[in-house]
Amino acid sequence: MAKTYPFKDIESKWQKWWEANGVYHAKQPGDTDLKKYYGLVEFPYPSGEGLHVGHPRSYTAIDIITRKKRMNGFNVMYPMGWDAFGLPAENFAIKKKVHPAIVTEKNVATFKRQIQSLGTGFDWSREINTTDPAYYKWTQWMFIQFYESWFDEAAQKAKPINELHIPNDVEEQGDEAVKNFRDSKRMAFKQKTTINWCPKCKIGLANEEAQGGVCERCGGVVEKREKYQWMLRITKYADRLIKELDGVDYLDKIRTQQINWIGRSEGASIDFIVQPKNPFDKGTISGGTIRVFTTRPDTIFGATYLVLSPEHQLVSQWIDEKLIENAKDVQKYQETTRKKSDIERQENKEKTGVELKGIVAINPANGKEIPVWIADYVLAGYGTGAIMAVPAHDERDFEFAKKFDLTIIKVIQPPALDRVASQSLLTKGELEPIKVEPDCFAGHGTAINSDFLDGLETTKATKKIIDWLEKNKHGKSEVNFKLRDWVFSRQRYWGEPIPMVHCEHCGWVAVQDSELPVLLPEVEKYEPTDTGESPLAVMKDWVKTTCPICGIDAERETDTMPNWAGSSWYFLRYCDPNNKEEFASDRALRYWMPVDLYNGGMEHTTLHLLYSRFWYKVLFDLGHIPESCGVEPYGSRRSHAMILGEGGVKMSKSKGNVINPDDVVEKFGADVFRCYEMFMGPYDMDAPWDTNGIQGVKRFLDKVWSLADGHIANNQPTPDTESDNSYESTLHKAIKKVGDDIENLHFNTAISQLMILTNELQKADHINRNDFESYVKILSPFAPHLTEEVWQKLGYKESIHISSWPVYDESKLIEETVTVAVQINGKVRAQLLVPTEISEKEIIAMAKQDGKVVKYLENKEPKKEIYIKGKILNFVV
RNA sequence: GGGCCUGUGGCGGAAUUGGUAUACGCAACAGACUUAAAAUCUGUGGCCGCAAGGCAUGUGGGUUCAACUCCCACCAGGCCCACCA
């Protein structure tokens, strides 16, 4: 009587029925009194490769959770859409001369067909696409909100630019000064930054196209080039992006990765006065001040030289002022650094540098004159782009000092020794403590002695020296971040046009709201131009426009937005996807936000997750998101893992081990596919694909099918309530465990419990109708098609997926008898089958009668008797 | 170099607060049905040993009546960041 689950006849039938009946369509506030549940998976980039078997793993996982929530009585929203701007479509367009929009449309159709064949309960009435002008209109509108706002440090929030107070001295300098002041504060601003430039292809590359410092297209080495780019001031939110994580439930590793990426470090900025070395010039020409950042100001007595990054502004300035004696060497070094690729920097960490001859810096603490160098181990982009080198307490400085034979002064201060660097240097025996000689303080103002910090532990010493620096105006305490501002320009075609106009007279001006969206024009060539400008730059008709303020001829911005733009706010659009007046109504946002559960890959933890949190906070601060939604968009964040090829290696075309979801669905059906992906291992861990493993899951569902078949065949018309059944405790245990496991994303153990229950039910000669229905219900999130078919065969006209989740009976979880293991000195020696409620006294007495126990006790009286109810009885002799 | 994670049978993996290690599934073996095979069903199964018993959760220590679980040190593998002062 073995029957195979006939998925081919069943699955597409129910998929159509569900869609036609709107089973998964979420109701808007006002149409329902139910509480909401918003489950979200990262929307895919519809690549030409089609769906990967990794996609369904997370789609199914969140599908299972949202199905259960719906059965628990929530108004569930589980939407899906397309993050469809991006490089692959554009590169394909360049190669094959097909419009990216056409390629994208085709890919979306494929993805949608594939996802729909899986029976995932997405609300397709809310489908969105980032390349749809009706969508990117709002992406552009939001960019303008960034442009029209500034960050108020005191209030720690973004505010409209017209609330920016203009200081009197700026106001006195006239309109131009006021305008510049405003522009310098905007959340979106244009700035010169370095981009990756491929000299062979003559194009600017995105970071992801220039991985490892090599051009993705030609394999050539990528150079750095300076270009004006639109930037978003995410660094202003660095503190809040860390602090406000406290209010959300993120997986620990996601939280720490975000915090590390932002990279907050506390320390001090210290000013070193620079002077010409020649004593005759002293006092006549001033070299200015070099500001450095350090996390260890307490080691200042060991600072024996300064290092600037080769790109440091002051270097060129000094050359112009003819202060540098070896200007030629210095310029040569600057040039080599500029040409150095990231690869070279990474592979060769050998220290290089050039001394700036002709100038010296004064250590403000002890007044000593120290040399100034430039070296590429100091990064222009971090801190002030300059450091005080303390070779005795920093390994990099130490290496550098050894190589160029610079002074190394060990600060005699025990607390400094706890630093890993100095410790390892000391144990290597390479460092002899050197006491600073008193005569080197001579001549330079407010010098103090290094005894100043003696005996203080690091934190106290740091505080004391900062106080001293502040009092004497040599520096101040400062916090620095690794996080950089967000480079928002791309010289590409397939992205949202940045809605800005440049006017000779008014400067940069935002396009008026009524003119949005700024549509992507049709172009003939998708290649970026030789000058590194966007392909849009050659569209003279499109570029030419008039200034929204003064009306004279003006030009459009030709750069487009990065991929990350559309995905920074898509979860807001789902709340109200067809709204033509706003990106979403207040009412819809108040009801749906924040997202209850957001799932995505670890690879998006640092970029997408951070960007979208930032984007949301700015909109929130500006009042575009209701207060009641809170400052964070995602209430909880979880992460899926990868599905590997057979044998545990990454799936790739070149290895030929790619599994196509279509083939799996064709051969086994969607329910088997879903259950298999949930059963293969813990959800948050990588798991290899196993063709045999899927066979086992198929057997399981076949078993369920024939069980149901048998049950329905001798189905009673009315529900019976017979309750003396052997499977009962297993059933109630399963209701509890499957429910708990779903909430905790432990899908693999939920399925194993369902297998155990199925095996048990198979042995039973009679199953009560109520019990059988509970069984089908708890299976339904995993195998939605099969269970729907069974459900309707049981006579129901409504979907099983809107039925209610069964409740387990606590009293039925407890079995009447249990097996207790009896241990002697922690080793199991006997098993006793006893009534669950047996008392400690009784079981001890019983155990002592047991032959094996008697043997191992060897007539000795136990020193200790430990009984853990229903589990273990341990005799210690 | 820094951060995070993982080591349990032939394989994927279970083990809720420390309480019978190896659930569930795969593969394997034996049997039933069949002319035969597939499918299905029943059974066996950590390792050594005839057995009694002993040894087993990467390695070595520790805490405990009791450790996959907690602590310390180490080894192996993976991922991310990487000259971040």
Side-chain angles (χ1 to χ4, degrees), chain A residues 1-4 252-254 256-257 259-261 263-265 267 292-296 299 307 342 345-346 348-351 375-379 381-390 393-397 399-400 420-421 424 480-484 602-603 605-606 641-642 646-648 676 679-682 684-697 699-700 702-703 706 737 740-741 744 746 748-756 758-759 762 818-831 862-877:
Chain A
M1 74 150 236
K3 295 231 173 163
T4 302
D252 268 347
K253 59 176 176 179
I254 298 176
T256 48
Q257 208 170 308
I259 292 171
N260 290 345
W261 183 264
R264 184 181 201 274
S265 49
V292 305
F293 174 73
T294 176
T295 53
R296 292 293 303 274
T299 62
V307 190
D342 287 348
R345 280 207 180 200
Q346 265 164 35
N348 187 8
K349 289 190 179 167
E350 176 78 30
K351 297 284 178 291
D376 66 1
Y377 83 94
V378 173
L379 307 172
Y382 184 75
T384 59
I387 61 155
M388 62 175 205
V390 186
H393 299 283
D394 183 284
E395 258 177 306
R396 295 155 301 183
D397 296 343
E399 261 178 62
F400 192 79
V420 182
S424 66
N480 247 298
F481 298 92
K482 285 188 204 170
L483 185 68
R484 308 282 68 160
M602 280 310 285
E603 70 276 18
T605 301
T606 45
M642 261 191 302
E646 300 216 32
Y676 172 63
F679 185 61
M680 61 199 303
D684 56 356
M685 286 217 265
D686 291 352
W689 188 267
D690 177 14
T691 309
N692 286 322
I694 197 166
Q695 197 66 42
V697 175
R699 276 181 209 145
F700 162 58
D702 283 347
K703 239 186 257 186
S706 57
K737 183 160 174 61
D740 291 351
D741 280 352
N744 295 316
H746 295 162
N748 54 332
T749 50
I751 292 190
S752 108
Q753 193 62 39
L754 285 163
M755 286 172 168
I756 293 169
T758 304
N759 292 341
Q762 220 178 10
V818 283
T819 311
V820 172
V822 184
Q823 301 181 329
I824 317 287
N825 289 337
K827 285 195 190 276
V828 179
R829 297 299 181 186
Q831 314 255 342
K863 277 186 271 190
K864 217 170 176 183
E865 291 156 352
I866 298 151
Y867 177 56
I868 307 297
K869 195 182 162 211
K871 292 194 167 141
I872 290 276
L873 174 62
N874 193 8
F875 291 120
V876 185
V877 290

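Within every chain, numbering begins at 1; the chains are lettered A, B, ... in the order of the sequence lines, protein sequences first and strands thereafter. Side chains included, hydrogens not; waters and symmetry mates left out as well; all remaining heavy atoms used.
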Participant: Answer whether the closest heavy-atom distance between the side chains of A:R699 and A:Q695 falls below 4.5 Å.
Facilitator: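 Side chain of A:R699 against side chain of A:Q695, heavy atoms only: contact under 4.5 Å found.
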
Participant: Please figure out whether A:S265 or A:Q257 has its closest RNA chain B nucleotide nearer the 5' end.
Facilitator: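 The residue whose closest nucleotide sits nearer the 5' end is A:Q257.
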
Participant: With the side chain counted from C-beta on, respond yes when A:M602 and A:I254 share a heavy-atom pair under 4.5 Å apart, and no when they do not.
Facilitator: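 Yes - at least one pair of side-chain heavy atoms lies under 4.5 Å apart.
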
Participant: Starting from P on B:A82, measure out to CH2 on A:W261 and report it in whole angstrom.
Facilitator: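 So the two atoms are 6 Å apart, to the nearest Å.
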
Participant: Any donor-acceptor pair under 3.5 Å linking the side-chain atoms of A:N874 with those of A:K864?
Facilitator: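 The criterion, which ignores hydrogens and geometry beyond distance, is not satisfied for A:N874 and A:K864.
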
Participant: In whole Å, what separates the C1' atom of B:A14 from that of B:U22?
Facilitator: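 Each nucleotide's C1' atom is 8 Å from the other's.
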
Participant: Please tabulate, one pair per line, each protein N/O and nucleotide N/O from nucleotides 13-16 of chain B that are separated by under 3.5 Å, including the distance.
Facilitator:
| unit_1 | atom_1 | unit_2 | atom_2 | d |
| --- | --- | --- | --- | --- |
| B:A14 | OP1 | A:N748 | ND2 | 3.0 |

Participant: Rounding to an integer number of angstrom, what distance separates B:C72 and B:A21 when you compare their C1' atoms?
Facilitator: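 The same atom, C1', in both gives a distance of 24 Å.
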
Participant: Between A:F400 and A:Y377, what is the ring plane arrangement, given parallel below 30°, perpendicular above 60°, and tilted in between?
Facilitator: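 The rings of A:F400 and A:Y377 sit tilted, inter-plane angle from 30° to 60°.
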
Participant: Return the value, rounded to whole Å, for the distance between atom OH of A:Y377 and atom P of B:A85.
Facilitator: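 These atoms are roughly 13 Å apart.
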
Participant: Which whole-number value in Å describes the distance from A:F875 CZ to B:A66 P?
Facilitator: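 Rounded to the whole Å, the gap is 16 Å.
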
Participant: When the P atoms of B:C74 and B:A28 are considered, how many whole Å apart are they?
Facilitator: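 These two P atoms come out 43 Å apart once rounded.
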
Participant: Are any of A:K827's side-chain N or O atoms less than 4.0 Å away from OP1 or OP2 of B:C55?
Facilitator: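 Result: yes.
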
Participant: Which value, in whole Å, describes the distance between the P atoms of nucleotides B:U16 and B:C70?
Facilitator: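 Approximately 11 Å lies between the P atom of B:U16 and that of B:C70.
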
Participant: Any sub-3.5 Å donor-acceptor pair from A:D394's side-chain atoms to A:V390's backbone N or O?
Facilitator: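 Here the side-chain-to-backbone pair does not exist.
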
Participant: Roughly how many Å is it from CE in A:M602 to P in B:C80, rounded to a whole number?
Facilitator: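 In whole Å, B:C80 P lies 11 Å from A:M602 CE.
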
Participant: When we call it a touch if two heavy atoms are under 4.0 Å apart, what does A:R264 touch: a base, just sugar-phosphate, or nothing?
Facilitator: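 Counting heavy atoms under 4.0 Å across all strands, no contact is made by A:R264.
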
Participant: Whole angstroms only, please: what is the CD1-P distance between A:I254 and B:C80?
Facilitator: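 The distance from CD1 of A:I254 to P of B:C80 comes to 15 Å, rounded to the nearest Å.
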
Participant: Considering every strand and a 4.0 Å limit on heavy-atom distances, what is the contact class for A:K253: base, sugar-phosphate, or nothing?
Facilitator: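 Since only primed, P, OP1 and OP2 atoms lie under 4.0 Å of A:K253, the category is sugar-phosphate.
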
Participant: Mind calculating the distance between CD (A:Q762) and P (B:U40) to the nearest angstrom?
Facilitator: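 Computing the A:Q762:CD to B:U40:P distance gives 11 Å.
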
Participant: Give the rounded distance in Å between these two atoms: CD of A:Q753 and P of B:G25.
Facilitator: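 Those two atoms, CD and P, are 11 Å apart.
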
Participant: With A:F481, which residues qualify under ring-ring contact (aromatic ring centres under 6.0 Å, His included), at least two apart?
Facilitator: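 Testing A:F481 for ring-ring contact (aromatic ring centres under 6.0 Å, His included), a comparison that skips the adjacent residues, returns none.
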
Participant: Test of understanding: with side chain to side chain donor-acceptor pair (under 3.5 Å), list the residues that count as partners of A:N825, not counting sequence neighbours.
Facilitator: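 Not a single residue meets the side chain to side chain donor-acceptor pair (under 3.5 Å) criterion with A:N825.
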
Participant: Indicate yes or no: at least one non-hydrogen side-chain atom of A:W689 is less than 4.5 angstrom from one of A:Y676.
Facilitator: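 Heavy-atom side-chain distance check passes, below 4.5 Å.
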
Participant: Classify the side chain of A:K351 versus the base of B:C83 as yes if they form a donor-acceptor pair under 3.5 Å and no if they do not.
Facilitator: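 Such a pair exists between side chain and base.
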
Participant: Using only side-chain N and O atoms of A:R699, determine if any of them is under 4.0 Å from OP1 or OP2 of B:G25.
Facilitator: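 So the side chain of A:R699 is outside the cut-off, no N or O lying under 4.0 Å from OP1 or OP2 of B:G25.
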
Participant: Using the side chain to side chain donor-acceptor pair (under 3.5 Å) criterion, which residues pair with A:S265? Sequence neighbours excluded.
Facilitator: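 Partners of A:S265 under the side chain to side chain donor-acceptor pair (under 3.5 Å) test: A:Y382.
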
Participant: Which atoms of nucleotides 19-22 of chain B (N or O only) lie under 3.5 Å from a protein N or O atom, and what are those distances?
Facilitator:
| unit_1 | atom_1 | unit_2 | atom_2 | d |
| --- | --- | --- | --- | --- |
| B:U20 | O2 | A:Q831 | OE1 | 3.2 |
| B:U20 | O2 | A:Q831 | NE2 | 2.9 |
| B:U20 | N3 | A:Q831 | OE1 | 3.4 |
| B:U20 | O4 | A:T819 | O | 2.9 |

Participant: Do A:Q762 and A:K703 come close enough that some side-chain heavy atom pair is under 4.5 Å?
Facilitator: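 Of all side-chain heavy-atom pairs linking A:K703 with A:Q762, at least one is under 4.5 Å.
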
Participant: How many whole angstroms separate atom CG of A:N759 from atom P of B:U40?
Facilitator: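 In whole Å, B:U40 P and A:N759 CG are 13 Å from each other.
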
Participant: Quick one, A:M755 with A:F679, criterion side chain to side chain contact (heavy atoms under 4.5 Å, CB included). Give me CA distance, side-chain angles, the key distance, then yes/no.
Facilitator: CA-CA 11 Å; A:M755 286 172 168; A:F679 185 61; 3.9 Å; yes

Participant: Would you write the dot-bracket representation of RNA chain B, where each base gets (, ), [, ], | or . depending on whether it forms a Watson-Crick or G-U pair under 3.5 Å and with which partner?
Facilitator: (((((((..(((......[....))).(((((.......))))).(((....)))..(((((..]....))))))))))))....

Participant: Rounding to the closest angstrom, what is the interatomic distance between B:U35 and B:G45 at atom C1'?
Facilitator: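 The same atom, C1', in both gives a distance of 32 Å.
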
Participant: Whether the side chain of A:D741 engages the backbone of A:A750 through a donor-acceptor N/O pair (distance < 3.5 Å, no angle test) should be reported.
Facilitator: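 Checking the backbone N and O of A:A750 against the side chain of A:D741, a donor-acceptor pair under 3.5 Å is found.
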
Participant: Measuring only the P atom in each nucleotide, how far is B:G3 from B:G53? A whole number of Å is fine.
Facilitator: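 It comes out at 50 Å once rounded to the nearest Å.
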
Participant: Apply the syn/anti split at 90° from 0 to B:G9 and say which one it is.
Facilitator: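 Syn, which is what one calls it when the glycosidic angle falls within 90° of 0.
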
Participant: Do the side chains of A:I756 and A:Q753 get nearer than 4.5 Å, heavy atoms only?
Facilitator: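 Yes - at least one pair of side-chain heavy atoms lies under 4.5 Å apart.
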
Participant: Using the P atoms only, state how far B:C47 lies from B:U57, rounded to an integer number of Å.
Facilitator: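 One P to the other, the span is 15 Å.
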
Participant: Taking only the C1' atom of each, what is the distance from B:C11 to B:G46 in whole angstrom?
Facilitator: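 Comparing C1' positions in B:C11 and B:G46 gives a spacing of 14 Å.
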
Participant: OP1, OP2 of B:G53 versus side-chain N and O of A:R829: anything below 4.0 Å?
Facilitator: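 No, because none of the side-chain N or O atoms of A:R829 sits under 4.0 Å from OP1 or OP2 of B:G53.
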
